[in-house]
Every structure is written in C-alpha cells, then in structure tokens.
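Down below is the structure, laid out as structure tokens.
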Amino acid sequence: MTTDKFVLVNGQEVPIEGEKNLLELIRKAGIEIPTLCYHPKLSVYGACRLCVVEIEGRGIQTSCSTEPEHGMKVKTHTPALRNIRKVAVELFLANHKVECPTCDQMGNCKLEEVARKLGVNEVRFKKIKDFRPADTGSVSIYRDPDKCVLCGQCVRFCKEIHGVGAIDFAFRGKNTYVTPAFGRSVGEGECVNCGQCAAVCPVGAIVVNKHIAPVQKALDDKTKTVVVHMAPAVRAGIGEEFGLPASHETTGKMVAALRRLGFDKVYDTVYAADLTIVEEGTEFVNRLTKGGVLPQFTSCCPGWIKFIEEYYPELLPNLSSCKSPQQMMGAIMREVLPEKLGVKNEDLFVVSIMPCTAKKFEIRRPEFEYAEGKRDTDEVITTQELARMIKAAGIDFVNLKPEEFDMPLGDKTGAGVIFGVTGGVTEAALRFAVEKVTGKVIDSKDLDYKAVRGSEGLLEATLDVDGTKLRIAIVHGLANAHKVCKELMNGEVKYDFIEVMTCPGGCINGGGQPIDFNQAAKIERRTKELYDADKEMPRRKSQDNPAVISTYETLLKEPCGEKSHHLLHTKYYKRTF
Amino acid sequence: MTGQTDAKLEQVCKIIEKHHSDGSKLIPILQEIQEVYRYLPEEVIDFTARKLKIPAAQVYGVATFYSHFALTPKGKYLVKVCNGTACHVKKSIPVLNAIVEKLKLSEGKMTTDDMLFTVETVSCLGACGLAPVMVINEDVHGMMTPTKAVAEIDKILAEEAAK
C-alpha cells in the first residue's frame with residue numbers, strides 16, 4: 001500500500017498504512033515500546049501506561065489508544081517518558097509477588113524483561129495489595145492473583161476471542177483482582193480449559209498447571225511400563241524451547257529425548273488422528289448419504305466439547321460421536337498393548353504430550369475410563385512441561401541423534417499431521433471422504449485443499465464432489481463458534497461439515513505450547529511447519545496409514561462398526577455451570 | 001425452596017422481563033433486585049447472569065465495583081455516616097466510632113448479629129451544610145455529635161423492643 005500520509009517519529013517519516021494505533025506504527029518503524037496490556041487482537045485497554053509517547057501539541061499520551069494522524073510529531077524516548085515508564089514498572093513491582101527464581105514464568109516474564117530493559121534497579125514503593133490465595137481448583141491452569149498486574153489480557157481474551165468470560169475484574173482500586181464470580185475457582189465454572197489466559201499472561205499470574213511429578217513418579221517406578229504419544233502440534237513448538245526450527249530432525253530428537261527420559265515406548269498421536277479421520281469421515285459420509293443429522297461438527301477439541309455442552313446442548317446431535325485422537329489412542333492402547341508388551345493394564349502408564357491444557361481436563365472425564373476410576377490416559381503433559389523435563393534431566397537436546405517412533409502406533413500420514421492447524425482436520429477428512437464418495441483415488445497433486453486453509457476465524461468453503469456440493473465452515477476462537485451455532489439454530493446458515501478449534505490458529509497455538517507473546521508470528525510459523533511436514537510425508541491420506549489399515553484388519557474390522565463404536569466413539573451431554 | 005424465596009425469585013424474573021433481558025441494563029436490574037433482597041445473594045447473581053446471558057464473573061465485577069451493591073445481607077436499619085470532606089472536617093469519625101462502639105461492631109463486621117443494624121460510611125451525601133451528616137434508611141440527621149448519634153440508635157432500639 002502506498003500512501004503519502006505519515007507520522008514523524010523521532011524526526012523520521014513513518015508512513016501511515018492502516019495501523020489502528022500509534023503503537024503499531026511506531027513498532028513498524030523498528031522502535032521498541034514496552035507494553036504489558038496491549039494485544040493486537042484484543043480491544044485497547046490502555047492500563048499499563050508503558051506505551052506513553054509525547055505528541056507535539058497534545059502532550060503525553062498512550063500510543064496504544066491514539067490513532068495515527070498525518071503530520072503528527074511524536075517522540076518516544078524523551079527523559080520524561082523514560083521516567084514515567086520506570087516509575088510505572090516500579091509501581092507494578094511493588095505490588096507483584098516477586099519470586100523470580102522459583103516462578104513458573106521464569107525466562108518468559110514480560111515484567112522482568114521490561115524492568116531490565118528500562119534499568120529499574122530499585123523499588124521505592126510499599127506493597128499495598130492484600131494477599132489473595134492462589135486458585136488451585138483447575139486441572140488445566142494455576143492462578144496466583146498476587147502476581148497479577150491487572151493488565152486484563154486474560155479477561156479480554158476469554159471474553160472477546162471466546163465469548164466465555166470465565167474471569168473478570170472484581171472490586172475496585174487497590175482491591176481489584178481478576179477472578180471468577182464470588183472468588184470461586186475457575187475450574188468450577190464455564191472455563192473451557194483452553195489455557196489461552198496463561199498464554200497471554202505476561203507475568204506468570206496464570207500458568208499451565210504442571211503434571212510433571214506424577215509422570216516422573218511413574219518413570220521411576222520399576223513396576224510400570226510407561227508409554228507416551230505426542231500430538232501433531234507438539235512437533236511445531238518443541239524446537240522453540242531449544243532454539244531449533246521444527247523439522248523431521250527435531251521431531252526425531254524429541255523421540256530420542258523421550259527414550260532418554262525413560263519412556264518405554266514412544267508412539268505418535270498422528271496414528272490416532274488418522275484413525276479419527278477414517279471414523280469421522282465414515283460417519284460424515286454415512287450422515288450425508290443416509291440422511292443423518294447435518295451439519296456434522298468435529299469433536300477432537302476438548303475446549304469446544306465443553307463449550308457446546310454448556311452453551312448449545314441442542315446441537316449435541318450434530319457433534320461427531322468420535323472420541324478425540326488422544327482418547328482413541330488411549331482406548332486402542334488399553335486394548336492392544338497389554339498383550340503386545342506383556343503387561344497388565346494396571347501397570348501400563350499412558351502419557352500424552354499435548355499442546356493443549358484442555359486435554360488435561362479431557363482425560364479426567366468419566367467417559368474415558370477403561371475400568372471404574374482407571375483412566376485410559378493417565379497423564380497429559382504439555383509441550384512446555386516436556387521441555388522442562390528434558391532440561392531437568394540434563395539432556396543435550398540440540399546434539400541428540402534423531403530416532404524413529406516405535407511401531408506400529410507410530411506410523412502416520414501427512415493428513416494426521418495437519419490436525420494441529422485450523423482447517424487441517426477438514427482437509428484430512430476431505431482427503432478421505434472425497435475418495436469414499438467418488439470411489440476414485442485423489443491424485444497426489446490434488447491433495448492440497450487450499451480452500452480450507454487460511455487464518456480467518458470463520459472460513460467458509462463450498463466444494464463440488466462429483467456434483468454434490470459440500471458446504472464447509474472452519475471456525476477457531478469460540479466467539480466465532482457462538483456466531484455459527486446461533487446462526488445455525490436460527491436457520492440463517494446451512495452447512496454440511498463444521499470444524500471447530502478453540503484456540504486461534506488451532507492446536508499449534510494451544511495453551512500448553514512454548515510461550516511466545518507474538519501471536520500472529522507464532523501461528524504463521526507453526527502453521528507453515530505443519531504444512532511443510534505434510535508435504536514431506538510419503539503418505540498423505542489417513543486411509544493409507546499401514547498401521548490404521550492393520551488395526552481394521554486385526555481389531556476393528558470396519559469403520560464405525562461395532563468394535564469401533566465401543567472403543568472409539570462416545571456421547572456427550574448437556575452441562576450446566 | 002420456601003414460598004417466600006419463590007415469590008422473591010418471581011419478582012426477580014419480572015424485573016428481568018421488564019428490562020427485556022437486556023444485558024446493557026445490568027445496573028438498573030441489579031438495583032431493583034437489591035430492593036427485593038436488600039442485598040445480592042450469590043445464587044441470585046448466578047441466576048441473573050444466566051438469564052441475561054452475561055458471564056457471572058462480569059455481573060460479580062459490576063456488583064463489587066459499586067459500593068451501592070451489597071453482597072452480604074444488610075440489617076433492617078442501614079446507618080450511613082458521611083465522611084466526605086466537609087463531614088470529615090466537622091468530626092464525622094468520632095460519630096462513626098460512637099455508633100460502632102454502641103453496637104459492638106468492628107472494622108470487618110459492620111452488621112449486628114440480630115440483623116437490626118448495618119453501619120457504613122459514604123463519601124458525600126450532598127448535604128454538606130448539615131455536616132456531619134448521618135442517614136438512617138431514608139431519614140437524614142444533620143449536625144451530628146457522638147451523643148446525638150447514639151441517642152438516635154437508642155430510640156430505634158426502644159421502638160424495636162416495644163414491638
């Protein structure tokens with residue numbers, strides 16, 4: 001975009017190219033302005049006061065809430081501004097529970113970074129905030145209000161991106177804090193466990209609830225056989241913790257690291273993703289050809305599942321009855337591994353590595369027990385937690401020799417790999433369903449369904465399959481799910497297939513992924529990594545996965561058959577909050 | 001549920017209906033609900049949030065932001081002692097202390113056990129000419145002294161004892 005409008009930033013002409021605010025424009029010019037409360041996808045809050053700039057004729061203003069105007073003369077780092085920022089950070093620190101070396105956010109703390117960069121070397125103010133106990137009632141996240149700086153990113157994310165609003169500000173002045181109603185635990189209410197509040201929290205007031213200890217205990221227990229599988233999105237993330245790009249090699253290093261940590265078998269959730277596609281695709285084709293309830297919603301995202309149970313129970317018949325890949329994996333493992341590995345189910349400890357905090361909630365659902373009180377999946381650790389375990393064990397990740405997954409539950413196709421990105425489940429399902437409906441093999445050059453790729457929160461596509469028009473919607477961010485569900489119920493829209501992922505961008509941007517405050521950049525990078533991985537795969541259709549084929553031959557007999565129904569499908573119910 | 005709470009909840013439903021279940025009318029709705037219960041009970045806040053389709057956390061946020069809203073039951077007589085600038089200068093704090101002492105209250109406990117009195121301070125009642133001012137329910141008492149304030153309390157206690 002060419003423009004003749006500009007702002008003078010520290011004497012330098014910076015063109016106005018549609019920036020919503022001065023802050024974005026200044027950052028575009030390569031000048032760093034610290035912020036704690038600003039998030040480009042959320043409403044402007046203007047609370048942290050760190051982005052102040054001096055505008056000629058207007059005095060000192062917050063740049064995040066000022067629209068750029070032609071000819072504006074802006075200064076960003078005058079002594080007065082630096083002083084304001086320093087004092088603001090001092091005030092933040094005065095009320096912040098400073099316990100940096102033992103803090104979960106260590107290494108990723110924005111407040112620490114800002115304080116260091118601004119040269120804040122003393123705190124002259126006294127703490128005035130009263131002590132508030134931590135919220136330990138959620139299996140997915142841990143909240144410590146004593147660390148909160150009231151930036152409100154979590155509150156706005158939950159409300160604006162998800163339309164959930166599980167937490168909000170309560171009370172006023174020095175007594176203000178972020179909480180669910182009546183100081184209840186976030187685990188009791190409508191929270192869908194997505195963990196995006198932890199992903200945006202700049203200071204460690206909300207962090208991923210860690211389950212490293214029970215996993216380590218199982219690893220140290222000689223009577224346990226500990227098996228692990230990792231979700232597609234984990235491979236587009238783990239490298240970031242060690243300064244490596246995502247690649248086949250990095251994934252191989254992770255497999256090697258898991259063996260060093262003591263896991264007996266290292267499998268791939270992508271196998272179960274492929275299995276999900278065959279089941280969910282068959283279910284879809286059955287609904288389509290036999291007059292079943294349409295549209296069919298995907299059911300692999302546990303945040304979305306809790307959301308539909310809470311807000312749209314009327315639409316539960318539209319939800320695919322397929323378990324998520326994690327739970328399919330758990331069920332298959334409980335069925336085949338005891339015999340294969342010569343171990344009793346009680347001594348088989350199943351761990352999954354997920355980009356997702358809601359998966360921690362999912363494994364604890366009563367639907368997913370192989371016996372009373374015995375979970376199919378024993379524990380979930382997130383990508384973040386895995387990186388910690390690797391570091392704590394003194395493993396030199398960067399120099400590890402890549403290793404291969406254990407077979408057969410480590411076999412995979414590109415279709416399963418792209419599950420981790422928004423639109424990926426749909427694309428994988430299409431690679432299956434189109435063949436099933438037309439009876440023709442899709443040419444390998446036609447496997448990229450570009451129409452279902454994109455970063456829009458609500459993407460619509462119509463696909464012509466041998467004369468049948470498939471109307472597809474792909475949704476991420478639950479506020480978009482609210483929109484689609486309402487429109488469906490009002491009869492305003494018609495679709496055949498709807499994919500819903502809670503987190504913007506899909507699982508690659510899950511709440512348990514390595515922390516990166518630049519949401520747009522991380523989504524773009526990780527999306528590309530998964531699509532690239534798909535391209536490199538020798539097999540790119542779930543139905544071509546040899547392990548899936550053999551599972552049907554030896555165990556399940558047919559997709560959506562009786563055995564599948566028992567092992568791989570489930571039912572969800574209305575939930576009140 | 002007892003018949004009385006049922007009747008109250010019905011009133012809440014009517015209030016919400018009157019405002020067309022419009023979430024943007026949250027404050028007037030909460031004000032009217034508070035008139036029914038004299039405070040905002042937890043289950044009523046949850047109920048209202050669900051009816052208005054706004055998160056309970058948000059309703060709680062509004063209810064705790066404004067000092068007008070109470071989340072704990074208030075006594076039959078609400079005693080507001082003004083501590084705005086004019087009243088403060090005219091020695092409103094000794095008035096407050098006298099009442100607190102008389103009713104055996106303390107900083108964290110401003111409602112009597114028999115639920116007869118709740119004592120609050122307010123920032124200004126707009127009656128600075130009468131400073132220091134005390135309001136009991138709807139009645140304004142100006143030019144207060146600790147002795148006069150305690151006398152008013154005694155008067156109410158006597159009336160209540162006679163009932």
Side-chain angles (χ1 to χ4, degrees), chain A residues 43 45 130 132 135 137-138 141 143 145 148 150 152 154-192 197 206 307 310-313 478-479 482-483 485-486 489 574-577, chain B residues 1 9 12-13 16 20-27 29-31 33-34 37-74 83-85 88 106-110 120-124:
Chain A
S43 60
Y45 191 48
D130 293 332
R132 303 262 186 199
D135 175 3
S138 162
I141 55 165
R143 297 188 315 115
C148 179
L150 303 175
C154 53
V155 171
R156 281 174 287 145
F157 203 106
C158 196
K159 207 182 286 179
E160 295 171 17
I161 305 291
H162 287 331
V164 172
I167 44 176
D168 211 324
F169 292 106
F171 299 93
R172 66 197 289 179
K174 77 177 182 72
N175 297 319
T176 310
Y177 80 119
V178 171
T179 178
F182 293 93
R184 295 189 288 238
S185 168
V186 75
E188 293 169 39
E190 61 268 65
C191 167
V192 298
C197 51
I206 308 181
F307 178 87
E310 288 170 348
Y311 295 97
Y312 302 99
L478 290 174
H482 265 309
K483 182 173 180 287
C485 288
K486 278 185 195 139
M489 287 178 29
K574 179 183 166 135
R575 180 187 290 267
T576 46
F577 61 88
Chain B
M1 262 197 194
L9 209 57
V12 171
C13 288
I16 294 171
H20 311 290
S21 303
D22 181 356
S24 69
K25 302 277 161 52
L26 180 61
I27 290 172
I29 290 171
L30 289 181
Q31 280 175 315
I33 293 175
Q34 180 156 295
Y37 290 90
R38 298 177 54 77
Y39 77 111
L40 297 171
E42 183 167 345
E43 61 276 14
V44 176
I45 286 214
D46 284 336
F47 177 81
T48 308
R50 221 170 290 135
K51 281 269 176 196
L52 299 178
K53 294 194 167 41
I54 16 185
Q58 193 178 334
V59 180
Y60 181 69
V62 170
T64 54
F65 185 87
Y66 295 103
S67 57
H68 171 74
F69 294 121
L71 295 168
T72 45
K74 285 192 182 181
N83 194 32
T85 312
H88 185 83
S106 61
E107 204 186 309
K109 181 183 179 298
M110 291 304 255
E120 284 176 356
T121 56
V122 288
S123 290
C124 185

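Here is the naming used below: chain letters follow the sequence lines, and residue numbers restart at 1 for every chain.
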Among A:Y311, A:F577, A:F182, the residue with the most heavy-atom pairs under 4.5 Å to chain B is A:F182
Quick check on the interface: out of A:V155, A:V164, A:D168, who has the most heavy-atom pairs with chain B under 4.5 Å? A:D168
Are [X] and [Y] side-chain neighbours, meaning at least one heavy-atom pair lies under 4.5 Å?
X: B:D46; Y: A:R184; result: yes
X: A:V186; Y: A:I206; result: no
X: B:I27; Y: B:Y66; result: yes

B:H88, NE2: over 12 other non-hydrogen atoms inside 6.0 angstrom: no
Less than 4.5 Å to any heavy atom of chain B: does that hold for the side chain of A:T176, its backbone, both, or neither?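 Contact with chain B is absent: no heavy atom of A:T176 under 4.5 Å.
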Proximity breakdown for B:I45 and chain A, heavy-atom pairs closer than 4.5 Å: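 It is the side chain, since no backbone atom gets that close.
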